Amino acid sequence: MSALTAPPLKASRPIDPKTEPINGHKGILLSDGTQLVSMRIALCQALYEEMKRDPSIFIMGEEVAQYNGAYKVTKGLLDEFGADRVIDTPITESGFAGLAIGAAMTGLRPVIEFMSWNFSFPAFDQIISNASKMCYMTGGMFPIPLVMRGPNGAGPRVSSQHSHAVEALYSHFPGLIVVSPSTPYEAKGLMKTALRQNNPVCFLENEMLYNFEQDIPTSEYLIPFGKGDIKREGTDCTIVAISRSVHWALEAADELAKEGISCEVVDPRTVKPLDIELIANSVRKTNRCVVVEECYKTGGIGAEIATQLMELVFDDLDAPVGRVTTTENPMPYAANLEHETLPKPHRIVAAVKKACYR
Amino acid sequence: MIIEQLVPAKSPTMTEGTIVSWRVKPGDKVKSGDVIAEIQSDKAVVEWEVLDGGTVAEILIPAGTMAQVNQVAAIFTTKGEDVKEAVAKAKATNAKLAPGGAAPAPAPVAATPVPTPVAAPTAAPVASTPAALAKGVRVSPVAAKIASSLGVDLRAVKGTGPDGRIVRRDVEAAAKAGTAKLGAAGAAAKPEKPKLKVLRADKTDSDVAMTPMRLIIGKRLLEAKTTIPHFYVSESVDAGALVALREQVNLLDGFKVTVNDLIVRASALALRAHPKLNATFQGNSIRYYDSADISVAVAIPDGLITPIVAKAHTKNLKQIGDEVRVLAKKAVDGKLQPAEFQGGSFTISNLGMFGISEFVAIINPPQVAILAVAGIKDEPVVKNGTVVPGKVMRLTLSADHRAVDGADAAAFMKTLRELLEAPATLLV
């Protein structure tokens with residue numbers, strides 16, 4: 001397998017959690033140069049490989065060391081790299097975010113884990129006022145090679161305060177890179193890119209995708225920022241989907257195919273920088289577009305993509321660009337209401353049909 | 001937008017209920033949250049508040065009637081749209097949902113109007129709703145874009161999108177069906193033909209002195225017409241392929257080849273094959289030229305002049321066209337140098353742009369021949385024994401019998417016709 005082409009979305013077989021590791025940095029070796037990993041293993045692998053390669057990388061956060069991370073993404077890193085490079089912090093997001101920005105200014109490459117991106121809000125001032133501005137305000141003297149990572153989006157029934165998707169929020173500010181992988185292959189390739197460049201990165205790992213499994217290359221590969229991927233080719237409607245929504249969009253595309261509507265599913269992979277050319281080229285072909293995301297509608301990624309499409313391909317549109325987002329209410333606790341709040345396949349199907357006048 | 005108001009389930013167990021009373025009637029304007037009816041559920045009589053407001057267009061389930069959940073009780077509009085199709089569709093839905101209606105008769109098709117039961121209150125005049133959107137054409141951007149490339153007249157296309165918006169599939173269907181061809185339905189789409197200007201106020205008669213140019217033209221043409229023994233050979237050319245070729249060549253960006261350019265090129269090639277026509281009469285001798293230097297008659301204010309496309313047989317269509325246009329502009333501006341209009345070996349006079357059927361020209365001495373080119377006309381032509389519509393152009397050669405004989409002129413005209421009827425030959 002070439003490490004540069006995305007592997008099939010579906011793993012060749014499931015990982016057996018009784019006999020095989022489902023965390024740590026070790027994938028399960030398969031023949032022909034591939035390994036079976038979950039997204040959590042893929043992320044750990046990227047951190048492990050890059051920390052091996054570059055001694056200036058260290059990781060810091062709540063329970064990342066002795067407890068191996070709340071979601072076990074950092075499992076085994078303390079044993080491998082020691083307490084100088086894998087550091088437990090108090091429950092002080094603002095504090096350790098500030099610490100990390102300072103460390104980055106001295107030339108280190110910190111990685112901080114927010115136990116959830118919902119907990120990044122106490123550190124908002126550090127992220128916006130310091131991390132995203134420092135390089136600019138010092139005339140380039142202090143670049144901030146900082147990777148901020150953690151789970152993002154709605155978990156199952158964690159209610160209103162713990163279900164945010166923050167792609168749109170952090171994309172708003174110049175100076176931040178916003179990464180939103182949908183597969184283990186991309187999670188690893190994008191994380192390695194994040195750890196080798198000099199800007200602050202918001203690396204948004206979808207909580208519900210940590211167990212998503214895939215065969216990925218054993219050889220090293222990096223995925224550049226700003227390059228999207230076509231997850232499914234089609235002719236009638238482009239569905240731009242982000243992170244977990246990619247999988248919902250693919251489900252919806254299967255459903256729509258039964259009714260003779262052929263959907264092209266485009267995954268931008270990084271929300272900022274955004275591969276608008278890939279999206280625009282797809283829309284030039286299909287004439288229709290629906291954007292699916294877990295953020296809210298007002299000021300969401302869909303609003304941005306719809307506007308850019310209007311600017312770029314107005315004359316190619318056959319219908320207004322549709323948006324399927326988390327509905328504009330705090331996430332309900334009840335499972336049936338949560339289902340209706342999220343941009344699930346049935347809502348995508350309805351939006352695509354509307355765009356196709358069906 | 002057309003909104004169907006479906007009978008709501010007012011309790012978790014309700015599957016049917018009676019519409020006790022309607023609080024609205026057709027023509028009423030309803031806001032979101034307004035109560036439109038009272039419904040008897042399996043538990044109580046409850047008010048029915050609507051989510052989507054609009055104007056009541058039709059009430060389908062009269063008061064006092066038992067209704068099933070999700071049957072269409074009423075149809076609202078937001079812009080006064082025509083609801084005839086929506087009513088037919090709703091009735092089919094209602095029939096399907098009615099008890100024992102699991103296997104309904106084929107749904108009534110919109111084309112066969114369903115007789116409306118009289119029960120519905122029709123007190124309010126329906127005319128109070130605004131007329132359907134009639135202004136302009138609503139069309140999606142890509143539908144508008146492809147309509148011009150497919151030659152579809154949007155005014156003759158029925159839109160199937162919301163509010164009658166014409167969308168891509170409508171244009172494609174119209175193009176496929178061949179309906180709504182641009183220019184077929186919309187005569188108004190053609191630019192208006194300028195009116196004939198023949199009516200004017202009377203003026204007095206006048207004497208105008210001839211300009212030096214007119215005096216020279218008069219003197220020379222009188223001499224030509226009276227001293228040269230003219231004879232004439234006419235030929236009809238089937239110009240269908242010529243017209244098609246010109247259109248194809250002009251698809252190239254930067255090209256604007258005219259019929260005249262094609263004739264200059266064809267004449268140059270024919271002259272090389274028939275050098276007897278490419279000559280000047282010298283009194284006691286005839287000078288035959290190797291090069292086809294073609295004089296092209298250009299009308300200028302109060303006269304004409306014949307600038308020369310030198311060595312026309314060596315030039316391609318674009319070179320000829322560009323050169324003719326430069327020379328014609330110079331001629332009109334009076335800026336031609338003597339070398340640019342003296343010394344040609346053959347002349348072409350083209351009145352095709354006026355749609356002339358045919359004409360004969362006076363030889364431009366000392367040359368021995370001139371070609372008169374008429375317009376291309378839509379005429380019946382015979383092809384493979386069948387009369388079919390064709391495009392015909394008449395050419396008339398005037399030749400000086402002192403230098404040229406009839407057979408020479410005829411052979412030249414035959415070659416010229418063959419070249420023009422197989423115009424790809426002009427591209428090499």
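Keep in mind that the numbers below use all heavy atoms, side chains included, and drop hydrogens, waters and symmetry copies. Residue numbering restarts at 1 for every chain, and letters A, B, ... go by the order of the sequence lines. This is a predicted model, so every value here is computed, not measured.
The stretch residues 343-352 of chain A places none of its residues near chain B, where near means some heavy atom under 4.5 Å from a heavy atom of that chain.
Around CD of A:E259, the count of heavy atoms belonging to other residues, nucleotides or ligands within 6.0 Å exceeds 12. For NE2 of A:H339, the number of neighbouring non-hydrogen atoms (other residues, nucleotides, ligands) closer than 6.0 Å is greater than 12. Other residues, nucleotides and ligands place more than 12 heavy atoms under 6.0 Å from the CZ atom of A:F124.
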Check every N and O of chain A against chain B and note each donor-acceptor pair under 3.5 Å, with its distance.
residue: A:N287; atom: OD1; partner: B:R168; partner atom: NH1; Å: 2.0
residue: A:D315; atom: O; partner: B:V142; partner atom: N; Å: 3.4
residue: A:D316; atom: OD1; partner: B:K145; partner atom: NZ; Å: 2.5
residue: A:L317; atom: O; partner: B:V142; partner atom: N; Å: 2.8
residue: A:D318; atom: OD1; partner: B:S140; partner atom: OG; Å: 2.4
residue: A:D318; atom: OD1; partner: B:R168; partner atom: N; Å: 2.7
residue: A:D318; atom: OD2; partner: B:R168; partner atom: N; Å: 3.0
residue: A:C356; atom: O; partner: B:R169; partner atom: NH1; Å: 3.2
residue: A:Y357; atom: O; partner: B:R169; partner atom: NH1; Å: 2.8
residue: A:Y357; atom: O; partner: B:R169; partner atom: NH2; Å: 2.9
residue: A:Y357; atom: OH; partner: B:R165; partner atom: NH1; Å: 2.7

